[in-house]
Amino acid sequence: MAGGKKKNKGGQGAPKAKAASSSGSSSAAAGSSGAARGQQQMPAAPGQPGAPRMPQGAPYPAGGYPPSEMAALQQALSMMTPQQIASLMAAKGLGKGGKGLPMGDDEYDDESDEDGYSQEDDDMQHFADVCYSLVNYWPDAKGELEWKEKEIDSIVDPEDRALLMPVVTTSLLQEMRRCARINAEFLAMLVRTDEEARQFGTIPNNHVVQDRNSVKVRTVLRQFVRDWAVEGARERDEQYGCLLEALQRYIPLDQPSQTSQSSGRPGGRPRVVAPGSGLARLPYEIAKLGYVAQGNEFSYHMLQGSKWVLNETSRPNMCNIYPFVLSLENRRGVRDHLRPVSIPDVCPSDALCPGNEPQSELSMCAGEFVEVYAPQSNAWDAVLTCFFLDTAKNVFLYIRTIAGMTRPGGLWANIGPLLYHYAEQADSISIELSWEELKPAIEKYFDFKEEDVREAYYTTNVSGMFHTRYRCKYFAAIRNDRPVEGKSLPVFGSQEKQECNHDHGDGHSHSHSH
């Protein structure tokens, strides 16, 4: 597809909650050792390696489903296999499989299992798998190009072969190999320039890169077009633009932050978070306006890209990539897939830290959204969600988490479809509600100020012949003073976290496959 939203938005090797923040710059950390639970450490100075991360917060409390959720959940349970029900029981802590998703804080211990294998080891292994997949782009692309060459060679009929443009039988594949090698060097750089990742810059002989990780690597290239290239400006303006306008309209910069985190900091700027922020363009735009911004991302693939663009770039258009080089479908011209895209269109540090003088606050927090933000009561003045709401397995969890983290009078602005990324995964819980069902759940905690339907594209190849257009729900709503009610069961087992796909790409996108 030329644009769209992949069915699964999740990160291979889903990271534990962690963050690094800095004034005038951003450090998107992933894969390093976490600190004690529930504490937030400040990072090393901008440009310094080894910036510490926000550790994982306390587990989201488990418990019975409130009546408002019961009907939808009973319907989902009636369609589950015995294996799925067993997984759900494990998530409730009924049996050994539930370890790591306890009923309460007193039972929580993710430091190690009975075999001495720690969650930190597990996180590091998945971080390594992501790095290996980035480094493996060229072998993966080479294999696909060899297959394409065999397809061309299989055209043996003289009349058919005469119809091929000469370039197809002579130089086209050579040009594709050249472009793929440039992509490979760029992706390897994402690993090589990161102090934590470079130890995984060489793939062990016995390691096999999984296909789903190879797909996500290609998604990273497409996401760079959307977030950090000139040709992605239309998508950004249509989707990020309406969220930023709502932010300035309802939470003006001259209104001091009124969150639980602003005590002792009178006059502090409003605090804004952008969940599912991919390569961090939306939180960058928030910070550029002058707000205290934080991006949250679940995918190590995306986090490696955001670390590079936020911390390692020194000028606009410093790299050319070829995000469409392996896509031969829906081309108008024979060389359309060889079109280079220059990134980034802007250098983030030029706007956030002009003259090396910090002007803005931007941080990235790695981890599953509910796990990270459920403990952060009234901590944010605004939450901006773009193509994010339908990444939930149980959307009630997202609504309740956003309500809990947003202070009374704060803003939730949203744009995106309701594709529900886990809808077609046989072994996954997926609560798929209509907007008619969702809106009352949101209205419990938020007063709607704006609501309409807006058309949007995602990671579109502007020169391609096939574009996917979404009719997205946009709304801006203000948090009322109603306390958050009810609890929902956790929906991720530890293995599910590691296997979920948290990216948009061509099948929606976040990834939504190309």
Side-chain angles (χ1 to χ4, degrees), residues 11-22 25-36 41 43-56 110-113 115-141 181 183-214 216-221 224 279-280 297-313 319 364-367 494 497-499 502-503:
Q12 169 61 23
K16 292 169 67 177
K18 44 209 169 192
S21 59
S22 59
S25 183
S26 175
S27 182
S32 60
S33 299
Q41 298 182 351
Q48 294 284 327
R53 306 163 299 173
M54 180 187 294
Q56 180 173 320
D110 72 345
E111 295 305 315
S112 63
D113 60 23
D115 298 322
Y117 190 73
S118 70
Q119 180 66 38
E120 193 68 33
D121 292 336
D122 198 45
D123 288 343
M124 187 58 74
Q125 181 57 57
H126 290 295
F127 180 55
D129 290 344
V130 168
C131 294
Y132 295 149
S133 69
L134 291 166
V135 174
N136 191 63
Y137 175 84
W138 169 242
D140 180 55
R181 283 188 178 277
N183 284 348
E185 174 57 28
F186 171 75
L187 293 163
M189 180 185 64
L190 302 184
V191 176
R192 188 175 60 248
T193 57
D194 177 21
E195 184 179 27
E196 286 185 309
R198 65 174 62 113
Q199 62 183 304
F200 305 118
T202 301
I203 303 173
N205 292 333
N206 62 347
H207 182 80
V208 177
V209 174
Q210 296 183 349
D211 288 343
R212 64 173 180 264
N213 278 342
S214 296
K216 293 172 195 172
V217 169
R218 300 185 190 188
T219 297
V220 170
L221 295 172
F224 266 110
L279 294 179
E297 181 52 54
F298 198 29
S299 166
Y300 275 142
H301 287 88
M302 293 296 168
L303 287 164
Q304 283 306 111
S306 65
K307 279 194 282 186
W308 173 78
V309 75
L310 294 175
N311 297 327
E312 303 297 335
T313 54
C319 290
M364 289 295 293
C365 183
S494 59
K497 274 189 185 180
Q498 295 150 13
E499 293 181 355
H502 206 283
D503 309 302

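For reference, positions follow the sequence shown, starting with 1. Note that the structure is predicted; figures quoted are calculated from it, not measured.
Across all their heavy atoms, R192 and R198 have their closest contact at O-NE, 3.1 Å. The shortest heavy-atom contact between G367 and F298 is C-CD1, 3.6 Å. The two atoms that bring Y132 and P204 nearest to each other are CZ-CD, 3.4 Å, heavy atoms only. The two residues S214 and D140 come nearest to each other via the heavy atoms CB-OD2, 3.9 Å. Residues Y137 and N183 approach most closely at OH-ND2, 3.1 Å, considering heavy atoms. Of all the heavy atoms in A184 and W138, the pair that sits closest is CB-CB, 3.6 Å.
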Working for side-chain contact (heavy atoms from CB on, under 4.5 Å), residues H126 and D122: CA-CA 6 Å; H126 290 295; D122 198 45; 3.6 Å; yes
side-chain contact (heavy atoms from CB on, under 4.5 Å) between K216 and Y300, worked out: CA-CA 10 Å; K216 293 172 195 172; Y300 275 142; over 6 Å; no
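Note on K307 versus E195: no salt bridge recorded, every NZ/NE/NH1/NH2 to OD/OE distance being 4.0 Å or above.
When side chains are defined from C-beta on, D129 does not count as touching Q210, because their heavy atoms never get closer than 4.5 Å. Inter-residue side-chain proximity for V309 and F224 is flagged as met; some heavy-atom pair is nearer than 4.5 Å. Two residues are said to be in side-chain contact when any heavy atoms from C-beta on lie closer than 4.5 Å; N213 and H301 meet this criterion. Side-chain contact between F186 and V220: absent, with no pair of heavy atoms (C-beta onward) separated by less than 4.5 Å.
Taking CG of L134 as the reference point, atom CE of M189 lies at 11.0 Å (rounded to 0.5 Å). In this structure, CG on L187 lies 11.0 Å from CD on Q304, to the nearest 0.5 angstrom.
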